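Working notes, beginning with the structure itself.
None of the values given here were measured: they were computed from a predicted structure. Atom set for the values below is all heavy atoms of this structure, side chains included, hydrogens, waters and symmetry mates excluded. To find a chain, count down the sequence lines: A is the first, B the second, and so on, and within it residues start at 1.
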Amino acid sequence: MPSPQYWLMKSEPDECSIDDLSHAPGHTVPWTGVRNYQARNFMRDAMRIGDGVLFYHSSCPEPGIAGIAEVASTAYPDATQFNPDSTYFDAKSTRESPRWLHVDVKLVRKTRLLSLKEMREAPGLASMVVLRPGNRLSITPVAPDEWREVLRLLESA
DNA sequence: GCCAACGTTGGC
DNA sequence: GCCAACGTTGGC
């Protein structure tokens with residue numbers, strides 16, 4: 001058995017909130033719209049079914065972790081890249097060689113909001129990639145001890 | 001709306 | 001392969 005892996009995935013609540021995820025069929029959504037190579041490579045090369053996901057609300061009044069989810073599929077082509085009507089359309093991508101892939105993400109449970117402020121104030125989370133100055137990556141790896149600390153903080157307060 | 005950070009593009 | 005211009009992210 002490979003050791004468990006953990007990720008933090010940003011979603012704008014206007015596009016897909018934790019409640020949208022909980023109301024989706026099978027509590028599962030395709031993680032469409034990633035147009036950054038590093039984030040794509042995480043999904044394509046590193047993610048495994050069952051990996052833990054911190055579901056993070058970004059670009060909103062209260063940014064922070066809003067729930068726990070898990071990786072529910074291996075990577076497959078993002079259909080929105082072929083749709084000229086989609087904001088995620090990519091004219092340079094082909095069906096023979098799709099540029100953009102994504103995984104499915106399934107809700108484990110909604111949690112209280114662990115705010116960005118609280119995350120920044122937690123000594124045990126200081127090393128998180130997502131908290132690094134200037135970080136813009138929508139998918140970042142989470143270390144096992146960071147994952148445990150987030151779960152512990154979610155239980156408190 | 002501002003702006004810092006940083007990824008992408010394209011000319012050379 | 002360099003690098004300036006440009007676009008995007010995302011907190012504030």
Side-chain angles (χ1 to χ4, degrees), chain A residues 5-24 29-47 51-71 75-143 145-147 149-154 156-157:
Chain A
Q5 298 186 113
Y6 306 104
W7 309 92
L8 181 143
M9 299 175 80
K10 295 180 188 174
S11 182
E12 299 186 15
D14 286 350
E15 287 226 0
C16 180
S17 70
I18 192 75
D19 291 323
D20 294 332
L21 180 59
S22 74
H23 293 128
V29 295
W31 205 260
T32 54
V34 169
R35 295 295 180 268
N36 170 283
Y37 290 104
Q38 241 184 301
R40 179 205 65 182
N41 293 350
F42 282 140
M43 291 195 283
R44 187 190 62 188
D45 305 331
M47 281 189 183
D51 281 0
V53 172
L54 301 175
F55 190 101
Y56 180 95
H57 282 172
S58 70
S59 293
C60 59
E62 290 188 290
I65 294 166
I68 306 293
E70 66 183 21
V71 174
Y76 63 100
D78 182 339
T80 62
Q81 70 195 304
F82 305 122
N83 178 0
D85 297 328
S86 169
T87 50
Y88 301 121
F89 178 64
D90 184 347
K92 292 179 183 169
S93 187
T94 65
R95 289 184 184 276
E96 294 70 36
S97 178
R99 180 179 291 192
W100 305 111
L101 308 173
H102 61 59
V103 298
D104 289 342
V105 170
K106 179 179 183 179
L107 180 69
V108 173
R109 67 180 187 276
K110 183 179 175 178
T111 64
R112 77 175 180 93
L113 186 86
L114 183 66
S115 70
L116 176 60
K117 180 171 183 292
E118 201 175 344
M119 291 169 69
R120 288 200 189 285
E121 288 169 352
L125 300 183
S127 59
M128 285 190 81
V129 175
V130 73
L131 299 182
R132 287 182 192 161
N135 170 76
R136 297 184 313 163
L137 257 189
S138 63
I139 300 175
T140 49
V142 173
D145 58 333
E146 295 164 349
W147 173 267
E149 179 66 1
V150 167
L151 294 196
R152 193 185 70 77
L153 289 168
L154 285 171
S156 67

So which pairs with a foot in [range] pass salt bridge (Lys or Arg N to Asp or Glu O under 4.0 Å), sequence neighbours left out?
{"range": "residues 5-20 of chain A", "value": "A:Asp19-A:Lys110"}
{"range": "residues 120-141 of chain A", "value": "A:Lys117-A:Glu121"}
{"range": "residues 83-97 of chain A", "value": "A:Asp90-A:Arg99"}

A:Trp31 ring center near A:Phe55 ring center (under 6.0 Å)
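Yes, the ring of A:Trp31 comes within the 6.0 Å limit of the ring of A:Phe55, centre to centre.
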Between [atom2] on [N] and [atom1] on [X], what's the gap in Å once rounded to a whole number?
{"X": "A:Arg35", "N": "C:dG10", "atom1": "CZ", "atom2": "P", "answer": "15 Å"}
{"X": "A:Tyr37", "N": "B:dT9", "atom1": "OH", "atom2": "C1'", "answer": "11 Å"}
{"X": "A:Arg99", "N": "B:dT8", "atom1": "CZ", "atom2": "P", "answer": "10 Å"}
{"X": "A:Leu131", "N": "C:dG11", "atom1": "CG", "atom2": "P", "answer": "11 Å"}
{"X": "A:Glu12", "N": "C:dG11", "atom1": "CD", "atom2": "P", "answer": "9 Å"}
{"X": "A:Leu8", "N": "C:dT9", "atom1": "CG", "atom2": "P", "answer": "17 Å"}
{"X": "A:Asn135", "N": "C:dG10", "atom1": "CG", "atom2": "P", "answer": "8 Å"}
{"X": "A:Met119", "N": "C:dG10", "atom1": "CE", "atom2": "C1'", "answer": "14 Å"}

Name every residue in residues 80-95 of chain A that has at least one heavy atom under 4.0 Å from any atom of DNA chain C, in order of residue number, or write none if there are no such residues.
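Heavy-atom cutoff 4.0 Å gives no residues at all.
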Close residues, residues 53-69 of chain A, relative to DNA chain B [heavy-atom separation under 4.0 Å]
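Hits under 4.0 Å, by residue number: none.
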Taking only residues two or more places apart in sequence, or in another chain, which ones meet [X] in a salt bridge (Lys or Arg N to Asp or Glu O under 4.0 Å)?
{"X": "A:Asp145", "answer": "none"}
{"X": "A:Arg109", "answer": "none"}
{"X": "A:Glu70", "answer": "none"}

Under a plain distance cut-off of 3.5 Å, with no hydrogens placed, do [Y] and [X] share a side-chain donor-acceptor pair?
{"X": "A:Thr80", "Y": "A:Arg35", "answer": "yes"}
{"X": "A:Asp104", "Y": "A:Tyr76", "answer": "yes"}
{"X": "A:Ser127", "Y": "A:Glu146", "answer": "yes"}

Got a sec, which pairs hit ring-ring contact (aromatic ring centres under 6.0 Å, His included) with one end in residues 121-143 of chain A, sequence neighbours left out?
none
Between A:Asp78 and A:Val34, is any pair of side-chain heavy atoms under 4.5 Å apart?
no
So which atom in A:Val150 and which in A:Leu125 form the shortest heavy-atom distance, rounded to 0.1 Å?
CG2-CD2, 3.8 Å
Between the protein and nucleotides 1-7 of chain C, list every N/O to N/O distance that falls short of 3.5 Å.
from, atom 1, to, atom 2, distance (Å)
C:dG7, N2, A:Arg136, NH1, 3.4

Only counting residues at least two apart or in another chain, list the ones meeting ring pair (Phe, Tyr, Trp, His ring centres under 6.0 Å) with A:Phe89.
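None.
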State whether A:Lys10 places a side-chain N or O below 4.0 Å from either non-bridging phosphate oxygen (OP1 or OP2) of C:dG10.
yes
Starting from the first five and the last five pairs of the helix from B:dG1-C:dC12 to B:dC12-C:dG1, work out the angle between the resulting helix axes, to 10 degrees.
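About 10°, once rounded to a multiple of 10°.
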